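Not measured: the values here are computed from a predicted model.
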Amino acid sequence: QVQLQQSGPGLVKPSQTLSLTCTVSGGSITTNVYFWSWIRQPPGKGREWMGAMSYSGNTYTYYNSSFKSRTSISRDTTKNQFTLQLSSVTPEDTAVYYCARGRGSRWDDWSAYDYWGPGTQVTVSS
């Protein structure tokens, strides 16, 4: 059984960098069958794909251009985890953040995701 466990702060100050980690158990993040995404849902809004990581001999990362290069995803294969960093946060980055495992060709096709983390409520406030 695959499980995704999230860790990271629930409160971040404006202009700081948000860092969230997703630790995967029951499956390897280096499999070339799946990709691993970060997705968020701001209050009162729909889900928003932020970025993803895949592996096919090398690690590949993909980002939603709407974040204007503020997003970075990295991995630690020794811990089977991947990390999201979102820089220069503002109150508009307040959202529930999810990590998830997907398969297919569309990052924002939510039916492509079969396992999700529990979500982390992140509030950006001074």
Side-chain angles (χ1 to χ4, degrees):
Q1 179 77 2
V2 175
Q3 291 187 327
L4 282 68
Q5 184 62 43
Q6 300 176 217
S7 58
L11 179 63
V12 183
K13 294 183 178 181
S15 81
Q16 291 187 339
T17 295
L18 165 66
S19 183
L20 295 172
T21 295
C22 185
T23 301
V24 179
S25 60
S28 173
I29 63 171
T30 58
T31 175
N32 61 3
V33 175
Y34 300 101
F35 57 83
W36 306 85
S37 284
W38 285 99
I39 296 158
R40 75 179 189 180
Q41 186 164 16
K45 297 183 180 180
R47 294 170 180 168
E48 182 176 31
W49 176 76
M50 300 182 68
M53 179 191 73
S54 66
Y55 181 81
S56 181
N58 293 308
T59 299
Y60 298 92
T61 52
Y62 312 87
Y63 300 108
N64 186 335
S65 61
S66 67
F67 290 94
K68 299 179 181 179
S69 302
R70 295 194 297 132
T71 309
S72 176
I73 297 175
S74 60
R75 67 167 187 165
D76 184 338
T77 56
T78 64
K79 298 179 180 179
N80 209 39
Q81 61 186 205
F82 59 106
T83 297
L84 168 73
Q85 289 195 313
L86 180 65
S87 63
S88 305
V89 298
T90 71
E92 286 66 42
D93 293 311
T94 294
V96 179
Y97 287 74
Y98 300 92
C99 58
R101 187 183 82 168
R103 185 173 183 175
S105 59
R106 282 190 58 188
W107 313 117
D108 60 352
D109 178 2
W110 310 128
S111 67
Y113 293 92
D114 56 359
Y115 288 99
W116 293 73
T120 300
Q121 171 66 54
V122 176
T123 300
V124 180
S125 174
S126 56

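Every side-chain hydrogen bond (donor to acceptor under 3.5 Å, both in side chains) that Glu92 has, sequence neighbours left out, goes to Thr90. Applying the side-chain hydrogen bond (donor to acceptor under 3.5 Å, both in side chains) test to Thr23 and every residue at least two apart in sequence or in another chain returns Gln81. Here Ser28 pairs with Thr30 under the side-chain hydrogen bond (donor to acceptor under 3.5 Å, both in side chains) rule; sequence neighbours left out. Tyr55 pairs by the ring pair (Phe, Tyr, Trp, His ring centres under 6.0 Å) definition with nothing, not counting sequence neighbours. For Tyr60, there are no ring pair (Phe, Tyr, Trp, His ring centres under 6.0 Å) partners two or more places apart in sequence or in a different chain. Under the side-chain hydrogen bond (donor to acceptor under 3.5 Å, both in side chains) criterion, Thr120 pairs with Gln6, not counting sequence neighbours.
Between Asp114 and Arg103, every side-chain heavy-atom pair lies at or beyond the 4.5 Å cut-off. You'll find the side chain of Val89 stays beyond 4.5 Å of the side chain of Thr17, heavy atoms only. Between Ser54 and Tyr62 there is a side-chain heavy-atom pair separated by less than 4.5 Å. Counting heavy atoms from C-beta on, the side chains of Gln41 and Tyr97 never come closer than 4.5 Å. Residues Thr61 and Tyr63 have side chains in contact (heavy-atom distance under 4.5 Å, counting atoms from C-beta outward). Counting only heavy atoms from C-beta outward, the side chains of Thr71 and Asn64 never approach each other to under 4.5 Å.
Although no hydrogens or angles enter the test, the distance criterion places a donor-acceptor pair under 3.5 Å between the side chain of Thr94 and the main chain of Val124.
Applying the disulfide bond (SG atoms under 2.5 Å apart) rule to pairs touching residues 41-86 yields nothing, sequence neighbours excluded. Applying the salt bridge (Lys or Arg N to Asp or Glu O under 4.0 Å) test to residues at least two apart or on different chains, none of the pairs has a partner in residues 2-18. Sorted by first then second residue, the salt bridge (Lys or Arg N to Asp or Glu O under 4.0 Å) pairs that include residues 39-54, not counting sequence neighbours, are Arg40-Glu48, Arg40-Asp93. The disulfide bond (SG atoms under 2.5 Å apart) analysis of residues 61-126, with sequence neighbours excluded, yields the pairs Cys22-Cys99. Within the structure, no pair that satisfies the salt bridge (Lys or Arg N to Asp or Glu O under 4.0 Å) test touches residues 75-86, not counting sequence neighbours.
Atom CE in Met50 sits 11.0 Å away from atom OG in Ser72 (nearest 0.5 Å).
Hydrophobic clustering of Ile, Leu, Val, Met, Phe, Trp and Tyr side chains at less than 4.5 Å, counting indirect connections, keeps Met53 apart from Tyr98. Leu20 and Trp107 sit in two unconnected hydrophobic clusters of ILVMFWY residues. Membership requires side-chain heavy atoms under 4.5 Å apart, directly or through other members. In the hydrophobic clustering of ILVMFWY residues, with side-chain heavy atoms under 4.5 Å counting as a link, Val96 and Trp110 come out together.
Nearest heavy atoms, Val24 versus Gly27: CG1-O, 3.4 Å. In terms of heavy atoms, Val2 sits closest to Leu4 at CG1-CD1, 3.6 Å. Nearest heavy atoms, Ala112 versus Arg106: CB-O, 4.4 Å. What you find for Ser126 and Pro14 is that their closest heavy atoms are N-CD, 3.6 Å.
Using modelled atom types, one finds a donor on one side chain and an acceptor on the other under 3.5 Å when comparing Thr83 with Thr21.
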Atom pairs and distances, donor-acceptor, side-chain atoms in residues 32-39, under 3.5 Å, two or more places apart:
residue	atom	partner	partner atom	Å
Tyr34	OH	Arg101	NH2	3.4
Trp36	NE1	Ile29	O	3.3
Ser37	OG	Trp49	NE1	3.1
Ser37	OG	Tyr113	OH	2.8

